[in-house]
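All of these numbers come straight from a predicted model, not from anything done at the bench.
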Amino acid sequence: MARVLLPQALVRLFPGAPRALDVAAIDVAGAIGVLDERWPGMRDRLCDSTPAIRRHLNVFVDGERATLNTPLRPDAEMLVTTAMSGG
């Protein structure tokens, strides 16, 4: 099972969603699918219509920037963060 870590801003939108949970998925898209099954609408918050990860979010798998096609090992850590900008 891969460990998924979600930002507080996203968790607040989905009552009962934890900040961290384990999911059985082979890639990032599959993990997002599992999240959407448990909390309908979460995929729309994470992905745009192309489909791709939304511009204002970053997803990292084991510390490396990820896309929807990035594979998840059984012991992987998938971190979803809000993008930061500054000037």
Determine the minimum heavy-atom distance between G30 and A25, stating which atoms define it. C-CB, 3.5 Å

In the hydrophobic clustering (ILVMFWY, side-chain contacts below 4.5 Å, transitive), which residues join L68, or is it alone?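 ILVMFWY cluster around L68 also holds V4, L6, L10, V11, L13, F14, L21, V23, V28, I32, V34, L35, W39, M42, L46, I53, L57, V59, V61, L72, M78, V80.
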
I26, CD1: over 12 other non-hydrogen atoms inside 6.0 angstrom: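 Atom CD1 in I26 is not crowded, with 12 or fewer foreign heavy atoms closer than 6.0 Å.
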
Sequence neighbours left out, what pairs pass side-chain hydrogen bond (donor to acceptor under 3.5 Å, both in side chains) with at least one residue falling in residues 40-53?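 Non-adjacent pairs meeting side-chain hydrogen bond (donor to acceptor under 3.5 Å, both in side chains): D48-T50.
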
side-chain hydrogen bond (donor to acceptor under 3.5 Å, both in side chains): pairs with one or both residues in residues 57-66, sequence neighbours excluded: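 Passing the test, one end in residues 57-66: N58-R65, D62-R73.
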
